[in-house]
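Have a look at the structure below, then the notes.
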2 protein chains.
Amino acid sequence: MARTAQSVEFFQSDGDSLSDEAKEASLLAASASIIRYRAGETLYVEGDRAPMCYQVASGVVKEYNTLEDGRRQVADFYGVGEIFGISELDWQLHTAEAITDCAVRSYRRDLFLKAVASSPDFSHRFLDTLMARLHRSRERMIMLGRMSAAQRVAAFMVRLSNEQNVTRNVRFLMSRQDIADHLGLTIETVCRVLTEMKRQRVVVFDTARLFSIPDTRMLEDVVQGGKKAR
Amino acid sequence: MARTAQSVEFFQSDGDSLSDEAKEASLLAASASIIRYRAGETLYVEGDRAPMCYQVASGVVKEYNTLEDGRRQVADFYGVGEIFGISELDWQLHTAEAITDCAVRSYRRDLFLKAVASSPDFSHRFLDTLMARLHRSRERMIMLGRMSAAQRVAAFMVRLSNEQNVTRNVRFLMSRQDIADHLGLTIETVCRVLTEMKRQRVVVFDTARLFSIPDTRMLEDVVQGGKKAR
DNA sequence: CGTGCAATTGAAAGTACTCAAGCCACGTGG
DNA sequence: CCACGTGGCTTGAGTACTTTCAATTGCACG
């Protein structure tokens with residue numbers, strides 16, 4: 001979740017901005033407000049008009065789509081600093097829901113886009129953010145299209161470990177269902193994979209949502225091809 | 001492939017551009033050159049330095065990643081007008097290969113980015129392109145994560161039909177292997193699904209790469225949940 | 001010390017994959 | 001003009017992996 005650290009100060013002006021940019025930026029800042037949500041609350045629903053865009057101030061938010069039959073695909077989890085809820089269209093493409101209690105800064109979408117257009121600097125940073133997200137999205141395509149259940153779960157755990165900058169006491173901030181929905185698996189499969197990894201001591205669990213990685217190498221081997229290789 | 005029609009004239013100036021923008025645009029235009037490739041030729045390889053970015057002038061190009069074990073994930077196919085080969089990094093994230101004989105306009109990446117930064121108009125259009133691509137990419141995540149083999153293939157055929165604006169004599173411009181690599185399936189599974197759809201007369205094949213859709217509704221039903229619903 | 005939800009486990013049923021072989025259209029050379 | 005490769009596409013049989021359905025266990029909370 002914290003991969004685009006730069007985005008934390010996305011909306012702060014540079015000091016040496018041109019007056020035009022400064023004006024857009026201050027307009028944007030003026031449109032901002034902080035909203036708090038309880039874990040489980042919905043921020044917006046797929047198809048809603050999308051007048052605002054958001055940035056996580058604290059907590060974790062997930063964005064997902066629901067299929068007719070009730071299954072879900074979690075597009076992504078957003079942590080502190082990350083921008084979400086901005087699409088090229090006038091309506092939201094996903095449903096967003098607070099996973100933990102959280103605080104979210106909201107900005108008027110039109111002002112945000114205007115600020116981006118008016119400032120080469122904003123524009124550049126926003127482009128970077130979008131391209132990074134596209135990159136992430138494509139990594140996930142490889143994961144969903146080509147990796148086995150064990151590989152997906154292991155890759156996800158590596159990601160969490162990296163994001164949290166620890167190999168001990170890494171936290172699952174989301175439920176097994178959320179993990180499954182993100183990885184394109186069922187909750188049962190996620191459990192079984194975790195159990196098997198426990199059994200092989202690739203990971204050690206303190207509680208269901210708190211684990212440690214004794215040997216990073218071992219976990220990464222699972223990501224490579226411990227199973228279903230070729 | 002032709003969803004972002006706007007991108008065709010991505011690099012044409014507006015006429016009413018500011019001089020600064022006009023300058024960037026002409027510099028960019030000056031850096032452009034057209035390169036022709038034969039079907040099967042490689043444009044660049046994952047990891048290559050990425051000094052250029054590209055736009056398809058004719059033909060079809062695929063961008064893909066290769067896994068250690070040789071399997072591939074085709075990220076996308078690009079048709080006339082589409083921009084590709086631009087990443088936030090200095091190196092290519094994918095390998096690009098000509099599927100058909102094709103012609104490609106190449107631009108210097110640094111000039112392209114400068115032109116984008118200097119022009120609100122360019123910037124806006126490029127943002128739209130990126131966001132549209134992000135959108136596509138996420139649709140593909142749903143496909144890879146949540147749809148059965150039959151659903152994926154059917155969805156892909158619907159996409160082709162839409163892109164080519166026909167329901168009769170729709171063409172597969174790529175091989176079965178490419179389709180499989182794109183959909184996260186094996187070539188055999190793609191074949192079996194196609195055979196089954198033929199059998200049920202959801203689609204009719206003239207040749208292996210040319211098919212018609214007698215009843216759009218029927219094909220769309222397959223996309224929904226003809227199989228593996230819930 | 002129940003209650004209720006999350007997580008885990010088991011057994012059976014699918015679904016897609018692997019490996020292996022057959023088919024077909026097409027271009028080449030005899 | 002036809003036999004013979006070649007490469008792409010299909011089909012078959014068996015297998016491995018995931019899901020489905022059904023319980024069971026674990027845990028936080030009142």
Side-chain angles (χ1 to χ4, degrees), chain A residues 38-40 67 69-73 99-101 143-154 157 171-199 203 205-211 222 225-230, chain B residues 38-40 62 67 69-73 97 99-100 143-154 156-157 171-199 203 205-211 222 225-230:
Chain A
R38 291 272 159 167
L67 285 70
D69 59 15
R71 288 176 306 166
R72 299 175 186 182
Q73 176 64 44
I99 285 186
T100 63
D101 289 351
M143 188 165 81
L144 295 173
R146 292 296 173 198
M147 289 168 77
S148 69
Q151 289 178 296
R152 296 182 207 188
V153 173
M157 292 172 91
R171 287 150 59 84
F172 282 123
L173 296 161
M174 64 294 290
S175 70
R176 294 287 190 274
Q177 186 63 60
D178 286 335
I179 297 171
D181 288 343
H182 184 58
L183 302 181
L185 300 169
T186 58
I187 188 175
E188 293 95 331
T189 301
V190 172
C191 275
R192 280 187 254 270
V193 167
L194 289 176
T195 301
E196 179 59 19
M197 291 204 291
K198 268 187 265 192
R199 206 187 58 68
V203 292
F205 275 81
D206 297 317
T207 73
R209 297 202 182 187
L210 194 63
F211 66 92
V222 177
K227 308 267 177 168
K228 191 191 176 183
R230 112 124 298 133
Chain B
R38 292 272 160 169
K62 69 179 172 195
L67 283 70
D69 58 15
R71 287 176 307 166
R72 298 175 187 181
Q73 177 64 45
E97 189 179 308
I99 286 186
T100 62
M143 188 167 80
L144 295 174
R146 292 296 173 197
M147 290 167 77
S148 69
Q151 289 177 297
R152 296 182 207 188
V153 174
F156 186 66
M157 292 172 91
R171 288 151 59 84
F172 281 122
L173 297 161
M174 64 295 288
S175 70
R176 294 286 190 274
Q177 186 63 61
D178 286 336
I179 297 172
D181 289 343
H182 183 57
L183 302 180
L185 300 169
T186 58
I187 188 174
E188 294 95 330
T189 300
V190 171
C191 275
R192 279 187 255 269
V193 168
L194 289 177
T195 301
E196 179 59 19
M197 291 204 292
K198 267 186 267 191
R199 206 186 58 68
V203 291
F205 275 81
D206 298 316
T207 72
R209 298 203 182 187
L210 194 63
F211 66 93
V222 177
K227 307 264 179 173
K228 192 191 177 183
R230 113 115 288 145

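Chain A is the first sequence line, chain B the second, and so forth, proteins listed ahead of strands; every chain is numbered from 1.
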Check your understanding: Roughly, in whole Å, what's the span from CZ in A/Arg146 to C1' in D/dT18?
Key -> 17 Å
Practice item. Take the angle between the ring planes of A/Phe172 and A/Phe211 and call it parallel below 30°, perpendicular above 60°, tilted in between. Key: tilted
Check your understanding: From C/dA7, C/dA16, D/dT18, pick the nucleotide closest to the side chain of A/Ala208?
Key -> C/dA7
Check your understanding: Rounding to a whole Å, what distance do you find between B/Phe172:CZ and D/dG8:C1'?
Key -> 14 Å
Point to revise | Short side-chain N/O contact from B/Arg209 to OP1 or OP2 of D/dC9, under 4.0 Å | key: yes
Check your understanding: Rounded to the Å, how far apart are B/Arg176 CZ and C/dA25 C1'?
Key -> 14 Å
Check your understanding: What integer distance in Å separates A/Leu194:CG from C/dT9:C1'?
Key -> 13 Å
Check your understanding: What pair of heavy atoms forms the shortest contact from B/Ala149 to B/Thr189, and how long is it?
Key -> CB-CG2, 3.6 Å
Practice item. May I ask you to decide if A/Gln177's main-chain N or O and A/Arg72's side chain share a donor-acceptor pair within less than 3.5 Å? Key: no
Point to revise | Rounded interatomic separation in angstrom, taking CD from B/Gln177 and C1' from C/dC17 | key: 13 Å
Revision key, fill the gap. Rounded to whole Å, the CZ-C1' distance (B/Arg152 to C/dT15) equals 11 Å
Study note, to complete from the structure: Numerically ordered, the residues 180-192 of chain A set in heavy-atom contact under 4.0 Å with DNA chain D is A/Gly184, A/Leu185, A/Thr186, A/Glu188, A/Thr189, A/Arg192
Just the atom pairs and distances: protein N or O near nucleotides 28-30 of chain D's N or O, under 3.5 Å.
none

Review point. Just wondering, do A/Met197 and A/Leu194 contact through their side chains at under 4.5 Å, heavy atoms?
Key: yes
Practice item. For A/Arg38, enumerate each residue passing the side chain to side chain donor-acceptor pair (under 3.5 Å) test, keeping only those at least two apart in sequence or located in another chain. Key: none
Review point. How many angstroms lie between CD in A/Gln73 and CE in B/Met147, if you round to the nearest 0.5 Å?
Key: 11.5 Å
Exercise for review: Evaluate the side-chain proximity of A/Arg152 to A/Leu144: yes if any heavy-atom separation is below 4.5 Å, no if none is.
Suggested key: yes
Exercise for review: Report the distance from atom NZ of A/Lys198 to atom P of D/dT25, rounded to the nearest whole Å.
Suggested key: 16 Å
**Study point:** Whole-Å gap separating C1' (C/dT8) and CZ (A/Arg199)
**Key:** 16 Å
Exercise for review: Check whether any side-chain N or O of A/Arg146 sits under 3.5 Å from a backbone N or O of B/Leu185 as a donor-acceptor pair, and report yes or no.
Suggested key: yes
Check your understanding: How long is the gap from CD1 on B/Ile179 to NZ on B/Lys62, to the nearest 0.5 Å?
Key -> 11.0 Å
